[in-house]
Amino acid sequence: MLVTLKDGSKLEVDKGTTVYDVASGISEGLARVAAAGEIDGELVDLRTELTDDCDLNIITTKDPKALEVIRHTASHVMAEAVQNLFPDAKVAIGPSIDTGFYYDFDHAPFSREDLDAIEAEMKRIIKKGNPLERFIMPRDEAIEYMKERNEDYKVELIQDLPEDAVISFYKQGDFIDLCAGPHLMNTKGIKAYKLTSSSGAYWRGDENRPMLSRIYGTAYDNKEDLKEHLKRMEEAREKDHNRLGREMELFTTVDVIGQGLPLILPKGTIMLQELQRWIEDLEDNEWGYIRTRTPLFAKSDLYKISGHWDHYKEGMFVMGDEEKDREVFALRPMTCPFQYYVYKNRQHSYRELPLRYSETSTLFRNEDSGEMHGLTRVRQFTITEGHLIVRPDQMVEEFKGCLALVKHCLETLGLESDVTYHLSRWDPENPDKYEGEAEVWEQTEASIRQVLTELDIDFVEDVGEAAFYGPKVDINTRNVYGKDDTMITIQWDALMAERFDMYYVDEKGDKVRPYMIHRTSIGCYERTLAWIIEKYGGLFPTWLCPEQVRVLPISEKFMDYAESVNAKLKKNGIRSSVDMRAEKIGYKIRDSRMNRVPYMVIIGAKEEEEKKISVRSRYLGDEGQKDLDTFIDEITKEIREKTIREIEVEE
RNA sequence: GCUGCUGUAGCUCAGUCGGUAGAGCACUUCAUUGGUAAUGAAGAGGUUCGGCAGUUCAAGUCUGCUCAGCAGCUCCA
């Protein structure tokens, strides 16, 4: 049997040789730092026996790929520690994840003190340095084995595996866990770890099943990396829009107003309004959209036609009592049916299509009480929503246009690099959940795939994520905690026109159902603002800054002068202000957050001193030193150039 | 909706066995003017401790309910 190593060298080994044997054969040092193997690109346990010719790569603990193995092993060590300290705790599952690992236990919630105790116990276990041993059992035997040990959750897991499955276990010391691996050879390989938090989590992610106690932790090959990671998490938290946005007075919440109902404060409003004016002008002037303004609520009748009354009533704010009142209303959770009736206002010719309706649309969704979060999950939000009514033959081209518009918006905001594109497909295994023929679904998905490819967009495909009426493209980003949020969605809809009896008249004079695209350009404003806050950490591009220029007179005698500079800047459409405190503090800039203002005009300071204060400040100097009007023109021009929505990249 | 944590001055927080509100920053006034993350001194600031009940001679502190915020789960047209 021939094994090809990473450096291209070939090794003749016997069948049944393990990855670890190969590593040992190369050198003892390599065996010591080996964490896992990679056979033909697939991560495997060191204990894996080689059965065929293959490419083999020994993954050492220095390799980022080893993290997964280290963390998985750390989760086992944690489980052992928990069972040592809390013998009645039953183990459920404990995988490695992007940022570390977790393990779920059937046990009362763990406190921070518990976590500290568990950490200490882990230290003891790791110090013992027990080897991890792998052994296998037939399925039935494995079930009995776990039943004896009273591990009900493990029994259930094994029962869900195929009849003929060979069940593998790992054992370190007295601790035995059902596990597919891969794992380190010895617990000593866990050099640095930290238990970060605990919380509840449903067994198998099902809200109808018991709630278990989950402990999150992270582990690394060395202490420096762990420290670095914890520092990064700390820094990320500082960019959290929910903290920063409140601190910067962009928004707030009030207990008596209610959950998921943020108040956008004056500074936040400036930003949202900048975004809105930009998007509306862009869509209407350059992308052929026409604007509508439709009611924020409607009678239940509308939602009965759209299907929301049957399928989404829980998510809507209903006004009135169906039993008592003749008419019952509901606040709208989306704009679709309203814009359909805009279209249905009169008969349309095929020559008019495509019609691209857009609306700055406020929506209301009655989210569950535990779901609300800052500006990203709210009960009332405003979205750049729109529906394109198109002929089937225009569909691909228009869908492409929607994506191109989104791409343009993201690039302008400097967010393009942060997103992932998803083709949300139907689930062929589950056709009942969707309307329409399999053939049509496949065809449509192929069309979208082609559009994405033509636009040179990288994307992943998610099966079972489509809307019931058609596939869609979802554009996601990650928040500072690494959680995915959908920012933008563009949906292909060849079905709803039927439901709402929409048609156009084709060249032969026949009535034909149009296709529709549900789409947004930058998603909902609140969520997009949150995203921008986190992306820029509060240091916004100039055009979005609530305050673009701050005028700082160094002493009282420059106050009037400062006021006149401020007034002229404002007249030129620049958002500026005078810092009244400046006369007292001289030219010492005390406010560490001052750098959130892109431009500072220092009045009265000597030029070399001004430079020390801020790299971005502009020096005006004593009255008469420089012509005021010329100065105002210069700075206005400079800011204007950055206000035409070009991205200002600051280091 | 579920699990856990939190809610005291504008902000960040302390408040020990229930005994009747505290610090730093910010703010105001005065002094100072070369102090580039914080000049010195003085002062003001809580309808009293998210809200409503209850226990008690006495509740920020204990109990119940409730509202809101946070983390996670679940959900997310």
Side-chain angles (χ1 to χ4, degrees), chain A residues 97 102 104-105 107-112 114-115 196-216 233 237 240 242-243 246-247 249 252-262 303 306-308 311-312 314-316 332-337 363 365-374 376-379 381 383 385 424 465-470 472 474 476 481-486 489 491 493 496 518 520 524 527 552 554-556 581 583-595 602 604-606 608-615 617:
Chain A
I97 53 176
Y102 69 78
D104 289 345
F105 302 93
H107 185 267
F110 297 99
S111 65
R112 184 64 242 183
D114 292 337
L115 297 194
T196 47
S197 63
S198 64
S199 76
Y202 298 112
W203 166 232
R204 308 199 105 177
D206 185 340
E207 61 182 319
N208 300 312
R209 311 211 51 182
M211 177 152 290
L212 307 173
S213 293
R214 175 172 299 178
I215 302 177
Y216 283 95
M233 298 300 283
R237 261 189 278 280
D240 180 352
N242 206 8
R243 289 179 190 214
R246 289 170 198 270
E247 182 198 313
E249 298 183 335
T252 188
T253 49
V254 178
D255 56 359
V256 294
I257 289 177
Q259 278 190 313
L261 298 170
Y303 305 113
S306 68
H308 286 81
H311 295 113
Y312 195 65
E314 294 302 300
M316 292 198 289
R332 65 178 182 192
M334 34 76 246
T335 322
C336 319
L363 305 179
R365 293 183 189 177
N366 193 4
E367 304 285 357
D368 285 343
S369 63
E371 311 299 350
M372 259 61 75
H373 175 77
T376 56
R377 198 74 183 273
V378 292
R379 283 183 165 149
F381 57 92
I383 185 169
E385 184 154 32
S424 296
E465 293 292 319
F468 73 90
Y469 49 77
K472 57 184 178 170
D474 287 319
N476 296 357
Y481 298 106
K483 213 171 164 177
D484 242 18
D485 257 326
T486 299
T489 168
Q491 306 177 357
D493 175 9
M496 292 304 275
H518 307 237
T520 174
C524 71
R527 200 174 265 196
L552 299 166
I554 64 147
S555 79
E556 200 170 2
R581 296 174 307 165
E583 59 94 8
K584 268 193 296 180
I585 61 176
Y587 37 89
K588 179 181 177 189
I589 310 299
R590 299 160 89 180
D591 189 347
S592 65
R593 286 173 238 148
M594 198 75 100
N595 60 3
I602 320 287
K606 297 188 181 110
E608 60 272 20
E609 287 153 5
E610 162 268 326
K611 277 185 187 138
K612 283 191 241 162
I613 293 164
S614 167
V615 286
S617 61

Considering only the [atom1] atoms, how many Å lie between [N] and [M], rounded to the nearest integer?
N: B:G69; M: B:C11; atom1: P; answer: 16 Å
N: B:U63; M: B:G72; atom1: P; answer: 28 Å
N: B:C17; M: B:G35; atom1: C1'; answer: 47 Å
N: B:G54; M: B:U47; atom1: C1'; answer: 23 Å
N: B:G7; M: B:C27; atom1: P; answer: 27 Å
N: B:G15; M: B:G24; atom1: C1'; answer: 15 Å
N: B:G10; M: B:A26; atom1: P; answer: 16 Å
N: B:A41; M: B:C65; atom1: P; answer: 50 Å

Whole angstrom is fine here: how far is it from [atom1] in [X] over to [atom2] in [N]?
X: A:H311; N: B:C76; atom1: NE2; atom2: C1'; value: 16 Å
X: A:K483; N: B:C70; atom1: NZ; atom2: P; value: 11 Å
X: A:R365; N: B:C75; atom1: CZ; atom2: P; value: 17 Å

Residue mapping more 5' on RNA chain B - nearest nucleotide basis, A:T253 or A:G205 = A:T253
Start at the 5' end of RNA chain B and walk down; is the nucleotide closest to A:Q259 or to A:R527 reached first?
-> A:Q259
Pairs under 3.5 angstrom, nitrogen or oxygen only, protein versus nucleotides 2-9 of chain B, please.
{"unit_1": "B:C2", "atom_1": "O4'", "unit_2": "A:Y202", "atom_2": "OH", "d": "3.3"}

Once you apply the 3.5 Å cut-off to both distances, tell me the Watson-Crick or G-U wobble partner of [N], or none.
N: B:A71; result: B:U3
N: B:U29; result: B:A41
N: B:G35; result: none
N: B:A23; result: B:U12
N: B:U63; result: B:A53

Shortest non-hydrogen contact from A:S306 toward A:M496 = O-CE, 4.0 Å
Indicate the atoms forming the closest heavy-atom contact of A:M372 with A:G260, along with that distance.
-> CG-CA, 3.0 Å
Given B:C76, is OP1 or OP2 found less than 4.0 Å from the side-chain N or O atoms of A:H373?
-> no
Side-chain ([X]) to main-chain ([Y]) donor-acceptor, under 3.5 angstrom:
X: A:S197; Y: A:Y216; value: no
X: A:D240; Y: A:N242; value: yes
X: A:R365; Y: A:P333; value: yes

Base [N] paired with [X] side chain (donor-acceptor, <3.5 Å):
X: A:R246; N: B:C11; answer: no
X: A:H308; N: B:A77; answer: yes
X: A:R377; N: B:C76; answer: yes

Are A:F381 and A:R527 close enough that some pair of their side-chain heavy atoms sits under 4.5 Å apart?
-> no
Non-hydrogen side-chain atoms of A:R379 and A:N366 separated by less than 4.5 Å | yes
Should the ring pair A:H107 and A:F110 be called parallel, tilted or perpendicular, given that the plane angle runs from 0 to 90° and is split at 30 and 60?
-> parallel
In terms of ring plane angle, is the pair A:H311 and A:F468 parallel, tilted or perpendicular, where the classes change at 30° and 60°?
-> tilted
How about A:T486 and A:D474: does a side-chain donor come under 3.5 Å of a side-chain acceptor?
-> no
Hey, are A:T253 and A:R246 close enough side-chain-wise for a donor-acceptor pair under 3.5 Å?
-> yes
What nucleotide among B:G69, B:C73, B:C70 has an atom nearest to a side-chain atom of A:N242?
-> B:C70
Out of B:G69, B:A77, B:C73, which has the shortest distance to the side chain of A:M334?
-> B:A77
At a cut-off of 3.5 Å, list every protein nitrogen or oxygen paired with a nitrogen or oxygen from nucleotides 62-64 of chain B, distance to 0.1 Å.
none

Select base, sugar-phosphate, or nothing to describe what A:Y216 touches, counting heavy atoms under 4.0 Å on all strands.
-> sugar-phosphate
Touch class at under 4.0 angstrom, heavy-atom based, for A:G374 against every strand present | sugar-phosphate
